[in-house]
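Report on one structure; see the data block that follows.
Both ligands and their constituent atoms are indexed starting at 1 by order of listing.
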Amino acid sequence: MDDTLMKRTIDYTWEQFEALPMEQKCACLAKPDGMPFCTLFAQQFDRARLDRLCALATQIRQIAKSRAGMEFLQGLLFHKRAMIYFTQPSSRTFLSFLSACQILGIKTGEVRDAAVSSEFKGESREDSIRTFSSYFDLIIMRTQEKGLAERMSWALASSDRPIPIINAGSGKDQHPTQALLDIYTLNRSFERRGGFCHRTVMYVGDLARGRTVRSLANLLLNYEDITHIFVAAEPLQIGQDILDMLDAHGARYIVTSDMHKYLPEADAVYMTRIQDEWDKSRGESARIDTSRFKIKGEDMRLMKPDAILMHPLPRRDEIAVECDSDPRAKYWRQMRNGMWIRTALIAATFDCDSRISNYFRDNF
Ligand code: ASP
């Protein structure tokens with residue numbers, strides 16, 4: 001880690017660091033080239049960094065098509081090891097990070113259940129993370145707990161092994177790398193149609209507890225003239241903090257429970273599932289009428305012919321299987337995009353981005 005960065009972070013106690021304005025926190029977590037050293041929040045990415053990562057993901061995707069290209073990629077971080085520490089359920093995020101590490105030649109270890117680690121014996125999270133940092137060069141973590149990745153990044157900064165941490169989902173709060181793959185999907189889908197500015201995004205489902213929508217709304221602030229339409233049953237509507245953030249940036253938004261009224265206006269429809277694992281009482285979500293927040297084939301007729309349908313997955317019944325064959329359904333592609341953008345993020349974290357771009361320039 002860059003000395004100045006370490007110094008900037010350890011100059012603060014945890015309480016001081018936690019209370020810093022987001023902009024200052026992001027500056028503490030950045031490498032000298034501006035890319036994140038630890039990736040914890042969507043707010044760490046400005047437009048230039050997003051464009052850079054998306055371009056890098058596309059170059060990696062091309063390079064990985066040939067055996068020679070894969071050999072090149074796998075040599076880049078052959079000397080690194082990553083701990084994938086997921087104490088919350090995951091299929092796609094886990095597998096895409098694992099694949100991303102494999103593409104770059106990184107060896108991985110994993111803990112997917114705190115019950116099989118020493119945390120079960122009463123070890124603190126700090127000590128567990130400190131242990132991982134003794135064996136690994138990168139920690140990719142998913143937790144129930146908001147702010148844990150941030151606290152661990154701060155704690156490691158003052159240790160003798162200040163390695164990077166990537167937040168792969170923190171409670172109901174943030175999922176920055178999902179937002180990166182959503183942005184990459186939007187970019188790719190609209191690149192031949194003038195890009196993703198002056199567009200309308202509709203988010204549908206459980207917006208109160210869905211971390212992906214929160215992170216995506218944040219990243220979309222980097223794109224000019226975006227209208228956000230939040231569609232949900234009243235108890236599942238988007239948090240006031242996100243609306244305040246949109247207000248602070250002068251972004252346009254609509255909060256509604258009428259999906260059909262606004263469906264014809266959307267360029268991207270972002271469906272989400274009901275996050276009932278967060279229910280405070282048994283059956284809380286089941287008592288909410290969510291029947292109007294599902295898409296079937298007939299609803300897709302209301303969408304623009306060139307709009308796209310997205311979902312962070314897993315889905316339940318909020319998108320009917322019959323929609324999968326519609327060319328506007330992008331969720332399977334979105335999932336695969338996750339592997340490429342996460343590969344790009346890890347490559348950038350370890351400063352391999354220029355080597356990849358040079359290889360691309362010389363070979364394509
Ligand atoms: N996979 C996403 C997440 O981890 C969405 C979801 O679980 O509904 O937040």
Legend entry - Derivation of the ring-ring contact (aromatic ring centres under 6.0 Å, His included) call for Phe360 and Phe364: CA-CA 6 Å; Phe360 185 82; Phe364 289 86; 4.9 Å; yes
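- Salt bridge present: Arg252 and Asp225 bring a charged side-chain N and a carboxylate O closer than 4.0 Å.
- Of the possible donor and acceptor atoms, none in the side chain of Ser215 sits under 3.5 Å from a partner among the backbone N and O of Thr212.
- Counting atoms of ligand 1 from 1 in the listed order, those under 4.0 Å from a heavy atom of Arg273 are 6 (C), 7 (O), 8 (O).
- Judged by the shortest distance from any of its heavy atoms, Pro314 lies inside the 4.0 Å radius around the atoms of ligand 1.
- A cation-pi arrangement is not found for Arg199 relative to Tyr223, the charged atom failing to lie both closer than 6.0 Å to the ring centre and inside a 45° cone about the ring normal.
- Close approach to His175 involves these atoms of ligand 1, each under 4.0 Å from a residue heavy atom: 3 (C), 4 (O), 9 (O).
- Contact analysis leaves Thr272 out of contact with ligand 1, as no non-hydrogen atom separation drops below 4.0 angstrom.
- Here is the list of ligand 1 atoms found below 4.0 Å of a heavy atom in Gln275: 6 (C), 8 (O).
- With ligand atoms numbered from 1 in the order given, ligand 1 contributes 4 (O) to contacts under 4.0 Å with heavy atoms of Arg142.
- Put simply, no part of Gln88 is less than 4.0 Å from ligand 1, judged by heavy atoms.
- Within 6.0 Å of the CZ atom in Phe78, the count of heavy atoms belonging to other residues, nucleotides or ligands does not exceed 12.
- Annotation: Pro312 places no N or O atom under 3.5 Å from an N or O atom of ligand 1; distance criterion only.
- The shortest N/O to N/O separation between Thr212 and ligand 1 does not fall below 3.5 Å.
- We find that Arg151 and Glu18 are not joined by a salt bridge, their nearest charged nitrogen and carboxylate oxygen being 4.0 Å or further apart.
- Ion pairing between Arg292 and Asp258 fails under the 4.0 Å rule for side-chain N and carboxylate O.
- The protein heavy-atom contact nearest to atom 4 (O) of ligand 1 is Arg211 NH2, 2.8 Å.
- Salt-bridge check for Arg130 with Asp160: passed, with a basic side-chain N closer than 4.0 Å to an acidic carboxylate O.
- Arg92 does not count as a contact of ligand 1, since none of its heavy atoms falls under 4.0 Å from the ligand.
- For atom 5 (C) of ligand 1, the closest non-hydrogen atom of the protein is Leu313 O, 3.6 Å.
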